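For reference, the structure is listed below as structure tokens.
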Amino acid sequence: SSTACFNQETLQYRLQAVIEGARESWTYAIFWQSSVDAATGASLLAWGDGYYRGCDDDKRKLRGASTAADQEHRKRVLRELNSLISGAPPPAADEDAVDEEVTDTEWFFLVSMAQSFVDGAGLPGHALLTASAAWVAGADRLASAACERARQAQAFGIQTMACIPVGGGVVELGSTGLIYHNAEITGKVRALFTSGTDAFP
Amino acid sequence: EGDLPIARKKSLQRFLEKRKERYRSPTEL
């Protein structure tokens, strides 16, 4: 696959270029990397890389729909992840390094790292299977989608989700705003992700 | 959990670092 040529750094540049160069305000971009399970032969999409931009009203909508218990849980997970990355023991809750509340979209992006899609499951899997972009705009449409990930996205404040198949995987874009399908962004994603070499940038 | 795949670990590290920067910046408050 051409994506075998993408290393982590060029993936990050590509995702960043999509988000920062877009006319629309996208909250995040994720590259789901395609592979085949050697044991079962099943097609698998798993986390390749992601770029989180956040949304302009992150600060105003810190809590979103989350409860105090949700926040406590999210902060504890972030403390543990910080510790895992740094190698230092996690700080006690009262000397918290993660004192800012974890927004719904931050949390959705974070839990995405642990997700995968088998044999065309989910919106990313569907896009890969059909080799065409899947675009869902509107909270109501996401909430009623036949896809757990789309419903989860809506529950965490995402209003628009687009999945665009590219060489070796699928690029997923999410926004807290309402963005209708446009060919410009899908074309841009395809161009950025099918150049197929590590010459980028 | 102690053995994250490298792609996830790098993504996670980047996300956590950027998050710290984002919330540290007084101009964004």
Side-chain angles (χ1 to χ4, degrees), chain A residues 3 6-13 15-16 19 28-33 35 46-60 62 74-75 77-87 90 96-103 105-116 169, chain B:
Chain A
T3 310
F6 292 171
N7 68 32
Q8 190 82 6
E9 292 311 313
T10 68
L11 269 178
Q12 187 61 202
Y13 284 124
L15 292 169
Q16 185 174 353
I19 293 281
Y28 70 85
I30 293 171
F31 176 70
W32 298 105
Q33 185 142 18
S35 62
W47 179 271
D49 199 7
Y51 178 79
Y52 182 85
R53 175 186 168 272
C55 45
D56 300 335
D57 50 2
D58 260 4
K59 296 288 194 304
R60 287 195 301 275
L62 279 176
R74 291 177 188 180
K75 287 181 181 182
V77 171
L78 246 68
R79 278 198 299 276
E80 289 171 1
L81 290 172
N82 265 312
S83 166
L84 182 69
I85 294 296
S86 69
D96 198 356
V98 186
D99 51 0
E100 295 289 349
E101 299 206 339
V102 185
T103 67
T105 50
E106 283 177 324
W107 187 248
F108 177 65
F109 183 82
L110 204 57
V111 298
S112 299
M113 293 185 195
Q115 296 185 344
S116 59
Chain B
E1 287 295 320
D3 189 25
L4 283 176
I6 191 73
R8 284 180 191 166
K9 191 170 182 177
K10 281 194 172 181
S11 297
L12 184 57
Q13 190 168 17
R14 195 179 281 121
F15 173 78
L16 293 172
E17 282 170 2
K18 281 191 173 178
R19 186 175 191 278
K20 276 183 193 167
E21 284 171 20
R22 204 162 53 240
Y23 286 110
R24 198 178 290 146
S25 166
T27 57
E28 288 190 14
L29 292 174

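The chains referred to below are lettered A, B, ... by the order of the sequence lines, with proteins before strands, and numbering in each begins at 1. Model, not experiment: these values are computed from the prediction.
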Salt bridge (charged side-chain N to carboxylate O under 4.0 Å, His left out) with A/Asp49: which of B/Lys9, B/Arg14, B/Lys10?
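The residue from B/Lys9, B/Arg14, B/Lys10 that satisfies salt bridge (charged side-chain N to carboxylate O under 4.0 Å, His left out) with A/Asp49 turns out to be B/Arg14.
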Considering non-hydrogen atoms only, spot the tightest contact between B/Arg19 and A/Glu100 and give its length.
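Closest heavy-atom pair between B/Arg19 and A/Glu100: NH2-O, 3.2 Å.
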Between A/Gly50 and B/Ser11, which heavy-atom pair has the shortest distance, and what is it?
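Closest pair (atom of A/Gly50, atom of B/Ser11, distance): N-OG, 4.0 Å.
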From [atom1] ([X]) to [atom2] ([Y]), nearest 0.5 Å:
X       : Y       : atom1 : atom2 : result
B/Gln13 : A/Leu84 : CD    : CG    : 10.0 Å
B/Lys18 : A/Arg53 : NZ    : CZ    : 11.5 Å
A/Leu81 : B/Leu16 : CG    : CG    : 6.5 Å

Taking only residues two or more places apart in sequence or in another chain, which ones pass ring pair (Phe, Tyr, Trp, His ring centres under 6.0 Å) with A/Phe109?
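Testing A/Phe109 for ring pair (Phe, Tyr, Trp, His ring centres under 6.0 Å), a comparison that skips the adjacent residues, returns A/Trp47, A/Tyr52, B/Phe15.
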Partner set under side chain to side chain donor-acceptor pair (under 3.5 Å) for A/Gln115, not counting sequence neighbours
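Testing A/Gln115 for side chain to side chain donor-acceptor pair (under 3.5 Å), a comparison that skips the adjacent residues, returns A/Arg149, A/Gln152.
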